[in-house]
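No hydrogens, no waters, no symmetry mates; every other heavy atom, side chains included, goes into these values. Just so it is clear, the structure is predicted and the values come from calculations on it, not from any experiment. Naming convention: chains lettered A, B, ... in sequence-line order (proteins, then strands); numbering from 1 in each chain.
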Amino acid sequence: MIEEKYSPYAIETKWQKYWEDNKTFKVEMDKSKPKSYVLEMFPYPSGNLHMGHVRNYSIGDVVARFRAMQGFNVLHPMGWDSFGMPAENAAIKHGIPPAKWTLENIENMTKQQKALGLAYDWDREIATCKEDYYKWTQWFFELFYEQGLAVKRKSAVNWCDNCNTVLANEQVIDGKCWRCDNEVHKKDLEQWFFKITDYAEELLDDLNLLDGWPERVKTMQKNWIGRSEGLEFSFDIPALNEKLPVYTTRPDTVQGVTFAVVPPEHPIVEKMLTGNPNEAELRAFCDKVRNTSDIERTSSESVKEGMYTGFDCVHPLTGRNVQIWITNYVLFDYGTGAVMGVPTHDARDWMFATKYNIEKILVIQPEGSELKLEEMTDAYEDDGVMVNSGKFDGMKNTDAMAAIMDEIEALGVGKRRVNYRLRDWLISRQRYWGAPIPVIYCPQCGEVLVPEEELPVRLPENISFDTGSVSPLAACESFVNCKCPKCGGDAKRETDTMDTFLCSSWYYLRYTDPKNTEMPFDKDVNDYWGPVDQYIGGIEHAILHLLYSRFFLKVLRDAGLVSYDEPFSRLLTQGMVIKDGAKMSKSLGNVVSPEEILEKYGADTARLFIMFAAPPERELEWSDQGVEGSFRFLNRVWRIVHYFSNVLDEKVTTYNTEALDDADKELRRVLHSGIKKVTDDIEQRFNFNTAISTMMEIVNALYAYKDAKKDYNPGLVHETISNLIKMLAPFVPHITEELWQGAIDANSSIHDQSWPSYDESAMKVDNVEIVLQINGKVRGRLVVPSEATKEELEKIAMADETLKASLGDAQIMKVICVPGRLVNVVAK
RNA sequence: GCCGGAGUGGCGGAAUUGGCAGACGCACUUGACUCAAAAUCAAGCGCUUCACGGCGUGCCGGUUCGAGUCCGGCCUUCGGCACCA
């Protein structure tokens, strides 16, 4: 029995409880079944779900439920990325302990997630801030340490004054902090790094394995890793008896070198400054450069400035004297930290040389024209023919590259080299709410790892956040002071915590075996579930999270913990939810909260609208009227099932396909071609919006069938409605469960049903309307047998009176027949 | 500057292999039901024309019997990277 009126609230609460009580979505490893791991990026427990979350989880839920109906053993878990700054800020502002704040938010958001009717195995829920999770985060740190991939290193790091902590390169966006938008500056500190650069090559190459990733994301990672091939070679500095190594991607231009440049940070600078007649001036210049902000310093628009050091070096090929300048436009931490200057063939060097009147030598001439140095206003950076380059003259510059590199290698002054833009991952954070780095500093033994059996290093509670510039942990003496695990003497703990991106780099592995107390996960279990077959999340993680996770997994693979190369086989990057053309934000006042929509229409309507309004990768413009439309559709489904419920009550589930009238055949055709379309749309293209529109067409066909006759075919009605409900089930799980148990089968859950299959023969029609064209323009339509061959088509078409009339006296050149589609007569 | 997307009605969007452009929905119009409204059901709905027809997928050109789709050249816009030598 189903009620006459659709009441979402009652239905949704009822079935959510039913699923929870029956553990409908609990899964276990089962090697006899094919697995599918569907994962949405786990949220930060900020307090409330927003529409972006709802979209994310709705997409994942449709995929997970669809795969389950297809017979896969589906792992679909949820958890919390629950370390991080906001909890700490809440503590500072409102005096609420971060753990309390976080756990309360998790509780509230879990309630909101459950109201959406998501098919999660809640028994696998994890939270990165809990001891049984961060114990293993620390365990991984120690693994990386033992592999030589976690190292403490002094360097100029990015510092955010507002967050009072260092940041990884990936967390600096346009020179600003990714979280608070505050301008970042450099600070010399000793910090922990993960050597992601050791994996640069593989991280780049393996992007080729990721066929199921958007091109956009792969390109972003490729650009970020930034591989370049070139030549590293050295200039001798006779006065210092030192060498100055430089790196270039344009070895063809080396004969045009007229100066060399170093940044103030370069170690050679100190040697050139001490006792230099211009020492004071040079030092003042270095300080000035060091004090300009990073944004200014690395902007391509900023003016190139420099000072001649008074030192010269010797060009290894020409023997020419080359002046060494200190400048503001060279990056110390890329390549060798020093660069050769070729004014004629590099735009930056041109500006610099022009400003300081440094000599320019042209070594490449464009083919077909001749450049004259005195007429040039800019560097010539394109290809051409070598000149002023001795034995290389006349060669194409592209050929000269290899030849010159060979020459330099033969002379022993340099060699070919690959450089990456990618920098090592700075993982230390001067914050409290994170996983403590499990290291102890002993005056006797130095840097010592906390022994595995003593993990986790627990975060102390009852901590003061009013500590000024020192991090709360550093100010907590009971935490800092400890005994050395090696010698037992007094020692001090590392007080930095780990970047939360480290916690989230392995959470997808923990879901496969979340209760394991011996290991982060069992290898056999993880190898069954992994890798994630379908990952779904926002584009904002294109580099950060997705790059770190890939790196993490490769290290774990090399340590023998997993047997696959990439963590996420397929990735879907969902678009943003916007309203009135802009991202929903409090300041714009265009926020629609999931709670108000759920209250007014229910979860099914919210999910349906989100899946219908736009393809998943695109932006989704929120429309109140669109939501109304989705609600209307669900009511329409409800009413038509209710209308046919007495027919369904006959429980006739078969029918004779040979004894169907036209109305039956049409309904059957719409159903079966619909099943095919919906299946393909979900499975192959993730076109959920068109899948839904196809189901709308099936509903429209049911309404047409209702009015087309009186003596309904009960088997066909049953087939159509039961399959329609099944296909709708992944999108709108509550209403379909109610309709299923109320009208089809009271003794089973719709979410245990198999995905419908279709019958090709049902999709066939006897007659089909084709188009008659003359010279590609539509001139008429014709109903023909759908089986008609090209020859038959032509015969039928040429006999058509309207076509004959339209053709008149024109001479027929050619007739093109496409069965089932058209006949095109080419005539003059 | 380099790399990668996108551009189709009033709006969200569809067209999967080159074959009827605009599926499905929203908005709108009309009709039925109603005292009335809402809801529902039915019909219409690219532009232009009284009509026949003509025009139409950012722009220009090409290939083809036929182009939203393929090719060449642009324009606009969004995103990423960018003093990485």
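- In this model, a side-chain donor or acceptor of A/K304 finds a partner on the base of B/rC83 within 3.5 Å.
- A/Q625 comes within 4.0 angstrom of the backbone, heavy atoms only, and of no base.
- B/rU16 sits 23 Å from B/rG4 when the C1' atoms are compared, rounded to a whole Å.
- Within the 4.0 angstrom heavy-atom criterion, no nucleotide atom of any strand lies near A/R227.
- Distances shown here put every side-chain N or O of A/R216 at or beyond 4.0 Å from the OP1 or OP2 atom of B/rG80.
- For the pair A/K218 NZ and B/rC3 P, the computed distance is 18 Å after rounding to whole Å.
- B/rC35 sits 28 Å from B/rG44 when the P atoms are compared, rounded to a whole Å.
- Looking at heavy atoms from C-beta onward, A/Y601 lies out of side-chain contact with A/S630 at the 4.5 angstrom threshold.
- Proximity of A/R639 to A/Y6: side-chain heavy atoms (C-beta onward) are nowhere separated by under 4.5 Å.
- Mapped onto RNA chain B by nearest heavy atom, A/K814 and A/S630 fall at different nucleotides, with A/S630 at the one closer to the 5' end.
- Ring planes of A/F233 and A/F235: tilted class, angle from 30 to 60°.
- Taking side-chain N and O atoms only, A/R421 has no distance below 4.0 Å to OP1 or OP2 of B/rC83.
- The CG-C1' distance, from A/L608 to B/rG12, rounds to 14 Å in whole Å.
- Comparing B/rC59 with B/rU8, their C1' atoms sit 15 Å apart, to the nearest whole Å.
- Inter-residue side-chain proximity for A/F609 and A/F631 is flagged as unmet; no heavy-atom pair is nearer than 4.5 Å.
- One finds a side-chain N or O of A/S228 lying less than 4.0 angstrom from the OP1 or OP2 phosphate oxygen of B/rA85.
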_Working for side-chain contact (heavy atoms from CB on, under 4.5 Å), residues A/K222 and A/R227_ = CA-CA 8 Å; A/K222 197 177 151 197; A/R227 185 181 196 272; over 6 Å; no
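- Atom CZ in A/R417 sits roughly 12 Å away from atom P in B/rA85 (whole-Å rounding).
- Judged by atom type and distance alone, A/K676 does not reach the base of B/rU16 through any side-chain donor-acceptor pair under 3.5 Å.
- In terms of position along RNA chain B, the nucleotide closest to A/E697 lies nearer the 5' end than the nucleotide closest to the other residue of the pair A/E697 and A/I816.
- Rounded to the nearest Å, the gap between the C1' atom of B/rG22 and that of B/rA27 is 16 Å.
- Among the nucleotides B/rG25, B/rA14, B/rU16, the one closest to any side-chain atom of A/K677 is B/rU16.
- When distances are taken from the side chain of A/M220 to each of B/rG13, B/rU16, B/rG80, the shortest belongs to B/rG80.
- Here the separation of B/rA14 from B/rC65, taken at their C1' atoms, is 26 Å to the nearest Å.
- Here the side chains of A/I597 and A/W622 are in contact, with some heavy-atom distance below 4.5 Å.
- Comparing B/rC83, B/rA14, B/rC65 by their nearest atom to the side chain of A/N689 picks out B/rA14.
- Whole-Å rounding puts the A/N169 CG to B/rG80 P distance at 17 Å.
- Closest approach to the A/N223 side chain among B/rA85, B/rG25, B/rG80 is made by B/rG80 (side chain taken as heavy atoms from C-beta onward).
- When heavy atoms are screened at a 4.0 angstrom cut-off, A/E619 is found touching the sugar-phosphate backbone but no base atom.
- Separating the CG atom of A/L634 from the P atom of B/rG25 is a distance of 13 Å, rounded to the nearest angstrom.
- Applying the 90° criterion around 0 to the glycosidic angle, B/rG9 comes out syn.
- Distance, A/R423 CZ to B/rC81 C1': 13 Å, rounded to whole Å.
- Of the candidate nucleotides B/rG4, B/rA14, B/rA85, B/rG4 has the atom nearest to the side chain of A/E215.
- As rounded to the nearest Å, B/rA37 and B/rU29 have P atoms that lie 14 Å from one another.
- A donor-acceptor contact under 3.5 angstrom links the side-chain atoms of A/N824 to the base of B/rC65.
- Regarding contacts with the backbone of B/rA85, a side-chain N or O of A/Y334 is found under 4.0 angstrom from either OP1 or OP2.
- Note on A/V771: a base of the nucleic acid sits closer than 4.0 angstrom, heavy atoms only.
- When distances run from any side-chain atom of A/A613 to the nucleotides B/rA85, B/rA14, B/rG12, the shortest one goes to B/rG12.
- Side-chain contact check for A/H642 versus A/K5: every heavy-atom pair is 4.5 Å or farther apart.
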Below 3.5 Å is the cut-off: list the nitrogen or oxygen pairs between protein and nucleotides 38-44 of chain B, distance only.
| from | atom 1 | to | atom 2 | distance (Å) |
| --- | --- | --- | --- | --- |
| B/rU40 | O3' | A/R639 | NH2 | 3.1 |
| B/rC41 | OP1 | A/R636 | NH1 | 2.7 |
| B/rC41 | OP1 | A/R639 | NH2 | 3.2 |

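- Rounded to whole Å, the separation between the C1' atoms of B/rG72 and B/rC24 comes to 36 Å.
- The aromatic rings of A/Y705 and A/Y712 are tilted relative to each other, their planes meeting at an angle between 30° and 60°.
- Within the 4.0 angstrom heavy-atom criterion, base atoms lie near A/V330.
- Heavy atoms from other residues, nucleotides or ligands lying under 6.0 Å from NZ of A/K176 number 12 at most.
- Rounded to whole angstrom, the span from the CD1 atom of A/I543 across to the P atom of B/rA82 amounts to 8 Å.
- To the nearest angstrom, C1' of B/rC24 lies 13 Å from CG of A/N687.
- A/D205 contributes atom CG, which lies 9.0 Å from atom CD1 of A/I225 (distance to the nearest 0.5 angstrom).
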*Dump the intermediate steps for side-chain hydrogen bond (donor to acceptor under 3.5 Å, both in side chains) on A/T690 and A/D681, then the final yes or no.*
CA-CA 7 Å; A/T690 53; A/D681 276 349; 2.8 Å; yes
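- Residue contacts for A/T219: at a heavy-atom cut-off of 4.0 Å it reaches the sugar-phosphate backbone alone, with no base atom in range.
- Remark: the separation of the C1' atoms in B/rC78 and B/rA85 is 30 Å, to the nearest Å.
- Among the heavy atoms of the strands, none lies under 4.0 Å from A/Q684.
- Side chains of A/K600 and A/V627 form no contact here, defined as non-hydrogen atoms less than 4.5 Å apart.
- A heavy-atom distance below 4.5 Å is not found between the side chains of A/T248 and A/V246.
- When heavy atoms are screened at a 4.0 angstrom cut-off, A/P214 is found touching no nucleic acid atom at all.
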*Dot-bracket line, read 5' to 3' along RNA chain B, where crossing pairs take [ ] and | marks a partner on another strand, Watson-Crick or G-U under 3.5 Å*: (((((((..(((......[....))).(((((.......))))).(((....)))..(((((..]....))))))))))))....
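- The neighbour count for A/E4 CD, taken as heavy atoms of other residues, nucleotides or ligands under 6.0 Å away, does not exceed 12.
- The side chain of A/M696 lies closest to B/rG25, out of B/rC65, B/rC81, B/rG25.
- A/Y420 comes within 4.0 angstrom of nothing in the nucleic acid, heavy atoms only.
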